[in-house]
Amino acid sequence: MNKFILTIFLVFLAAAFAQAQKIDSIFFHLYTDSLKKAVHNYINVDGKLSNGRWLPLTEKEIKFQSSAGQFEGNDLILPADFSGEKVTVTATLKSNPALQKTITIWVKKKPDDELLPSKEDILYNRQPGKRSRHQSP
């Protein structure tokens, strides 16, 4: 009898735990405001659980679709010759296809040839790439 009661209790406890872990909604939380061509652009999707906590989601839980490029996991890769201005991305929760979000993300137009400041540039408040007259070549 005690084993039966313990089993029933464990079943109810497992059911309550499973219910607390249900994903109520999904959201995009992008790390950038634009996509770059020919690089891996990480598309961050988080699920909000019924207990209020957040859970990062991967291709295991999310089906990704986009108007351009290809997905490798959560990474969207646009071809180097992509000429569009924006890409539409849709994320659908595999366990509940009714939970779906779509976002439009613009594509970066300027090339990534900017010169980032070095440690010395920051320490001496110089423009990136500029050398002082006291610095050796």
Side-chain angles (χ1 to χ4, degrees):
M1 182 69 172
N2 285 342
K3 285 185 180 182
F4 178 74
I5 293 173
L6 181 61
T7 303
I8 296 293
F9 175 74
L10 290 175
V11 168
F12 279 115
L13 184 63
F17 181 74
Q19 184 70 13
Q21 297 302 315
K22 182 181 174 198
I23 296 173
D24 285 342
S25 50
I26 60 174
F27 297 90
F28 287 99
H29 292 130
L30 301 178
Y31 297 120
T32 183
D33 60 351
S34 61
L35 300 171
K36 296 179 184 176
K37 300 175 193 176
V39 298
H40 288 248
N41 296 281
Y42 187 78
I43 306 299
N44 187 42
V45 178
D46 295 316
K48 189 169 186 184
L49 301 174
S50 56
N51 64 7
R53 293 188 173 198
W54 291 93
L55 178 69
L57 302 174
T58 67
E59 79 279 358
K60 293 177 185 174
E61 298 89 17
I62 294 288
K63 176 184 173 191
F64 288 102
Q65 293 176 298
S66 65
S67 60
Q70 289 187 325
F71 271 97
E72 287 183 18
N74 282 50
D75 293 341
L76 176 59
I77 305 164
L78 297 177
D81 62 350
F82 179 71
S83 61
E85 291 186 345
K86 58 188 174 182
V87 175
T88 302
V89 175
T90 300
T92 305
L93 188 64
K94 289 179 179 179
S95 64
N96 181 1
L99 290 181
Q100 185 180 81
K101 287 286 184 184
T102 299
I103 190 170
T104 298
I105 311 169
W106 295 93
V107 177
K108 185 175 181 181
K109 292 182 181 180
K110 290 186 175 183
D112 276 342
D113 58 357
E114 63 185 291
L115 188 60
L116 297 176
S118 68
K119 181 173 71 171
E120 289 78 19
D121 292 336
I122 294 170
L123 287 173
Y124 300 114
N125 200 23
R126 297 187 309 224
Q127 292 293 323
K130 304 264 182 176
R131 295 184 182 171
S132 72
R133 58 184 166 170
H134 302 294
Q135 189 177 17
S136 61

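Computation of the quantities below employed the complete heavy-atom set of this structure, encompassing side-chain atoms and omitting hydrogens, waters and symmetry-equivalent molecules. Every value quoted in this text rests on a predicted model; they were computed, and no experiment measured them.
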For [X], which residues count as a side-chain contact (heavy atoms from CB on, under 4.5 Å) partner, sequence neighbours excluded?
X     : answer
Pro79 : Asp81, Phe82
Thr32 : Ser34
Tyr42 : Tyr31, Asn44, Asn74, Asp75

Within a radius of less than 6.0 Å around CZ of Phe28, do more than 12 heavy atoms belonging to other residues, nucleotides or ligands occur?
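Above 12, so yes.
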Side chain to side chain donor-acceptor pair (under 3.5 Å) partners of [X], counting only residues at least two apart:
X      : result
Lys48  : none
Thr104 : none
Lys36  : Asp112

On a heavy-atom basis, which atom in Arg126 and which in Ser118 lie closest, and how many Å separate them?
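Heavy-atom minimum between the residues: NH2-OG, 4.5 Å.
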Residues pairing under side-chain hydrogen bond (donor to acceptor under 3.5 Å, both in side chains) where one sits in residues 61-73, two or more places apart or in two chains, turn out to be Thr58-Glu61
Would you list the atom pairs, donor with acceptor, under 3.5 Å between side chains in residues 92-103 and any protein atom, with sequence neighbours excluded?
residue, atom, partner, partner atom, Å
Thr92, OG1, Gln100, NE2, 2.9
Lys94, NZ, Glu59, O, 2.7
Asn96, OD1, Ala98, N, 3.3
Thr102, OG1, Thr90, OG1, 3.0

All ring pair (Phe, Tyr, Trp, His ring centres under 6.0 Å) counterparts of Trp54, not counting sequence neighbours
Phe27, His29
Val87 and Asn41, any side-chain heavy atoms less than 4.5 Å apart
no
Side-chain contact test, heavy atoms from C-beta onward, threshold under 4.5 Å: evaluate it for Ile43 versus Ile105 and give yes or no.
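Yes, close enough: below the 4.5 Å cut-off.
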Other hydrophobic cluster members with Val39, side-chain heavy atoms of Ile/Leu/Val/Met/Phe/Trp/Tyr under 4.5 Å, chained?
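In the cluster with Val39 there is nothing else; it is isolated.
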Connected-component partners of Ile122 among ILVMFWY, side-chain separation under 4.5 Å:
none
Between NE2 of His40 and CZ of Phe71, what distance do you get to the nearest 0.5 Å?
12.5 Å
Roughly how far apart are Leu57 CG and Ile26 CD1, rounded to 0.5 Å?
7.0 Å
For Asp46 and Leu55, run side chain to side chain contact (heavy atoms under 4.5 Å, CB included): C-alpha distance rounded to whole Å, both residues' side-chain angles, the deciding distance at 0.1 Å, then the answer.
CA-CA 5 Å; Asp46 295 316; Leu55 178 69; over 6 Å; no
